[in-house]
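Below is one structure, written out as structure tokens; the observations come after it.
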Amino acid sequence: KKDIFGILGLSGAGKSTLVRCICGLEKIDDGEIIFEGKKIKEPDPNISMVFQNFALFPWLNVYKNVSFGIDNNLKMSKNEINDRVKNLIKMIGLEGNEKSYPREISGGMKQRVALIRTLATRPDILLLDEAFSALDYQTRLSVTNDVYKIIKQEGKTAIMVTHDIPESISMSDKI
């Protein structure tokens with residue numbers, strides 16, 4: 001069973017540093033990271049991260065932002081890529097926005113695009129680094145609910161870093 005793990009802590013406690021080490025963005029000084037009995041080698045293409053600032057390419061529309069990782073990481077035909085991207089966009093309720101650019105969509109929509117762009121590459125582990133902190137409260141509630149459903153539907157292991165206790169309780173299987 002794949003779980004969502006919540007990592008709680010105050011600002012400066014090292015939560016983001018931990019997930020940056022897991023995905024290979026920071027070098028580990030000592031020790032090792034093991035997932036399902038295997039040592040994670042840095043960086044690992046089976047680990048993807050969703051950042052709090054969305055990290056979308058402003059010059060690419062929604063469709064191309066989502067397909068970007070697939071084009072570069074998976075061996076799929078153009079038809080398979082097209083089907084995967086269209087299904088993910090439909091899954092998050094952004095049909096009709098495929099040609100919109102990041103500047104033309106809301107913060108909640110941007111976060112959904114960032115999530116499915118990450119999921120599009122079919123990672124084993126999804127890292128969420130304060131992924132919802134830039135959203136207003138109402139949008140945050142809606143997006144976290146959608147993200148939870150998508151992670152469970154896709155059967156992913158996720159590690160969610162947050163300092164928000166209610167968010168962690170509502171999304172995490174283990175904290």
Side-chain angles (χ1 to χ4, degrees), residues 1-26 28 30-56 65-66 69-70 73-74 84-85 87-94 106-175:
K1 176 183 167 219
K2 304 296 183 176
D3 287 321
I4 299 175
F5 297 92
I7 298 177
L8 276 169
L10 300 173
S11 295
K15 304 178 302 293
S16 292
T17 301
L18 175 62
V19 293
R20 291 175 64 82
C21 288
I22 292 170
C23 71
L25 291 176
E26 289 198 27
I28 300 169
D30 193 21
E32 56 190 13
I33 299 169
I34 298 172
F35 176 69
E36 294 184 341
K38 296 178 189 168
K39 182 178 177 181
I40 293 176
K41 298 187 179 4
E42 308 161 13
D44 189 323
N46 294 315
I47 301 172
S48 292
M49 190 159 171
V50 178
F51 299 92
Q52 76 183 70
N53 66 354
F54 316 127
L56 298 177
N65 260 290
V66 174
I70 300 173
N73 294 321
L74 298 178
R84 176 95 174 130
V85 171
N87 287 335
L88 287 167
I89 288 172
K90 182 179 181 179
M91 184 189 310
I92 61 164
L94 286 179
S106 71
M109 293 169 126
K110 288 176 190 172
Q111 195 60 18
R112 287 178 175 99
V113 172
L115 173 72
I116 61 168
R117 180 183 60 192
T118 303
L119 287 173
T121 62
R122 296 189 172 114
D124 294 329
I125 303 173
L126 179 66
L127 304 173
L128 302 160
D129 186 14
E130 299 279 358
F132 313 110
S133 64
L135 304 174
D136 64 77
Y137 183 73
Q138 289 294 354
T139 303
R140 191 178 201 165
L141 289 176
S142 172
V143 171
T144 55
N145 187 42
D146 290 345
V147 168
Y148 178 84
K149 288 178 187 172
I150 291 167
I151 291 170
K152 290 300 185 176
Q153 183 177 331
E154 290 280 308
K156 299 298 174 192
T157 294
I159 299 173
M160 182 183 73
V161 165
T162 184
H163 62 273
D164 187 299
I165 294 170
E167 179 180 279
S168 186
I169 290 170
S170 69
M171 283 202 58
S172 304
D173 299 307
K174 298 176 184 175
I175 299 174

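Taken from CD1 in I125 to CD1 in I40, the straight-line distance is 4.0 Å, to the nearest 0.5 Å. Taking CD1 from I159 and OG from S172, the interatomic distance works out to 10.5 Å, rounded to the nearest 0.5 Å. The CD1 atom of I47 lies 11.0 Å from the OG1 atom of T121; values are rounded to the nearest 0.5 Å.
Applying the salt bridge (Lys or Arg N to Asp or Glu O under 4.0 Å) rule to pairs touching residues 160-169 yields R140-D164, R140-E167, sequence neighbours excluded. Pairs engaging residues 4-18 under the salt bridge (Lys or Arg N to Asp or Glu O under 4.0 Å) rule: none recorded [sequence neighbours left out]. Contacts classified as salt bridge (Lys or Arg N to Asp or Glu O under 4.0 Å) and involving residues 16-25 (residues at least two apart or in different chains) are given here: R20-E26.
For CG of L10, the number of neighbouring non-hydrogen atoms (other residues, nucleotides, ligands) closer than 6.0 Å is 12 at most. Counting heavy atoms of neighbouring residues, nucleotides and ligands inside a 6.0 Å radius, atom CD1 of I175 exceeds 12 of them.
Partners of N87 according to the side-chain contact (heavy atoms from CB on, under 4.5 Å) rule, which considers only residues two or more places apart in sequence or in another chain, do not exist here. The side-chain contact (heavy atoms from CB on, under 4.5 Å) search around S16 returns D129, V161, not counting sequence neighbours. Residues passing the side-chain hydrogen bond (donor to acceptor under 3.5 Å, both in side chains) test with T144: none are found, sequence neighbours excluded. Contacts of E130 classified as salt bridge (Lys or Arg N to Asp or Glu O under 4.0 Å), with partners at least two apart in sequence or in another chain: none. Checked against side-chain hydrogen bond (donor to acceptor under 3.5 Å, both in side chains), S170 has no partners two or more places apart in sequence or in another chain. Residues that satisfy the side-chain contact (heavy atoms from CB on, under 4.5 Å) test with N46, not counting sequence neighbours, are D44, D124. Looking at residues two or more places apart in sequence or on another chain, you find a side-chain contact (heavy atoms from CB on, under 4.5 Å) between A55 and F51, N53, R117.
Contact between C21 and I28 at its shortest, heavy atoms only, is CB-CG1, 3.9 Å. Taking all atoms of both residues into account, the shortest heavy-atom contact from S48 to P123 is OG-CB, 3.6 Å. Scanning both residues, D3 and D173, for their nearest heavy atoms gives CA-OD2, 3.3 Å. Between A114 and T118, the shortest heavy-atom contact is O-OG1, 2.9 Å.
Between I151 and L128 the shortest side-chain heavy-atom distance falls below 4.5 Å. Using a 4.5 Å heavy-atom threshold, the side chains of Q138 and L141 count as touching.
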Step-by-step side-chain contact (heavy atoms from CB on, under 4.5 Å) determination, R112 to I116: CA-CA 6 Å; R112 287 178 175 99; I116 61 168; 5.9 Å; no
Trace of the side-chain contact (heavy atoms from CB on, under 4.5 Å) decision for M160 with V147: CA-CA 11 Å; M160 182 183 73; V147 168; over 6 Å; no
Derivation and outcome, side-chain contact (heavy atoms from CB on, under 4.5 Å), residues D146 and L115: CA-CA 10 Å; D146 290 345; L115 173 72; over 6 Å; no
L88 and I92: CA distance, side-chain angles, deciding distance, side-chain contact (heavy atoms from CB on, under 4.5 Å) verdict: CA-CA 7 Å; L88 287 167; I92 61 164; over 6 Å; no
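E154 pairs in a salt bridge (charged side-chain N to carboxylate O under 4.0 Å, His left out) with only one of the listed residues (R122, K2, R84), which is R84.
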